[in-house]
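This report concerns only the one structure given below.
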Amino acid sequence: MQFQKNNALDTKALGLEVSLAVAKFVTGKENMHYGVWDNLDPCLENLGKAQEQYTKLLFKYFPKKKKLKILDIGGGAGETAKKLISLGHSVTIIVPSDILSKRCLENTNNKAKVHNIKFEDYEPKKNQTFDLCLFSESFQYIPAKIALKKAKGLLSKGGQILVADCFRSEVKHSSHNRRPGGGHPLSEMLKLIEDTDLNIISKKEITKSVAPSLDIEQKFYNVVGVGIDKVQQGLVASHPWKMKLFNLVYKTIVSQKKRRRLHDRIYGNIRNSDNFIKFNHYMIFQLSSNKAG
């Protein structure tokens, strides 16, 4: 368990550790990406299979070279890098997290080079280049212009950039809840590709294929909500004054807006596949530098 310097509980780190533990318990692996649900029943039992289909699809867009030098930007817990190394590729991972950088080293048996740093701050060795700069659901967390320009500068001759991530549609959003998905506007991405003088080798939209991941996630939270209800009922019956005190403190330290969002997250069904499709384009972009030929 990670703690901040003031000894307060680091809830972000704790949440990450819980997420990794749940993922490994359900699927046997620590994948942190969406699944591709084509020809699969959207249920928790098939989550691991869907995530494997996602990885296989991603690999189809790699340059046709037996041994690649790959920069895995935002490499999660290292599960993708582990597969890449087993295929004979050399992998460098950039991940700005103590927990994830440690898991990357463990999952790759220390065979990957891991940098615990933001991509914006990454400084490669002199003249170091890569055959592939991979953004697998990490592109949305980096300023798009910086991500494309920097990745382009890291490419070897004939190298490519592969981006697989959510991008915002033009549909307006008015609810107090956050829209499911995320990322930069797709229109902005297309313009930046042109402005950065990058060539689109191929692009594919797989929004409908990944969307059932949202339904699986929402059902999981709904189950958590059932558990919370049962615990609350027991505490109200056995320690009513403690529950009143807890509710008072909860309302004092958590804003009404955040309470509404949390309630909808646990008990509602707003973050579903239909809304994901409405507000997002999940895209795979295979890019090259025009100068690289």
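Values reported hereafter were calculated over all heavy atoms of this structure, with side chains retained and with hydrogens, waters and symmetry mates removed. Throughout, numbering of the chain's residues begins at 1 and tracks the sequence.
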Modelled atom types, side-chain donor and acceptor of [X] and [Y], under 3.5 Å:
{"X": "Glu205", "Y": "His281", "answer": "yes"}
{"X": "Ser209", "Y": "Trp37", "answer": "no"}
{"X": "Asn272", "Y": "Gln218", "answer": "no"}

Spatial distance of atom CD1 (Ile99) from atom SG (Cys104) [nearest 0.5 Å]: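 Reported value, rounded in 0.5 Å steps: 12.0 Å.
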
Distance, nearest 0.5 Å, that separates CE of Met189 from CG of Leu148: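 Here the rounded value is 4.5 Å.
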
Student check: side-chain heavy atoms of Lys244 and Leu248 closer than 4.5 Å: no

Which residues share a side chain to side chain contact (heavy atoms under 4.5 Å, CB included) with Lys49, sequence neighbours left out: Leu40, Asn46

Is [X] salt-bridged to [Y], cutoff N-O under 4.0 Å?
{"X": "Arg271", "Y": "Glu217", "result": "yes"}
{"X": "Glu188", "Y": "Arg168", "result": "no"}
{"X": "Asp274", "Y": "Lys278", "result": "no"}

Tyr54 ring center near Phe59 ring center (under 6.0 Å):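 They do not qualify: ring centres at least 6.0 Å apart.
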
Phe135/Tyr141 aromatic ring centres below 6.0 Å: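 That pair fails the under 6.0 Å test.
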
Nearest heavy atoms of Cys166 and Gln140, plus distance in Å: CB-NE2, 4.3 Å

Look only at the side chain of [X] and the backbone of [Y], and say whether a donor-acceptor pair between them is shorter than 3.5 Å.
{"X": "Asn247", "Y": "Met243", "value": "yes"}
{"X": "Gln160", "Y": "Gln286", "value": "no"}
{"X": "Asn199", "Y": "Ser289", "value": "no"}

Worked verdict on Phe139 versus Phe285 for ring-ring contact (aromatic ring centres under 6.0 Å, His included): CA-CA 11 Å; Phe139 192 83; Phe285 285 103; 8.4 Å; no

Aromatic ring pairing Tyr282/Tyr34, orientation class (parallel under 30°, perpendicular over 60°, tilted between): perpendicular

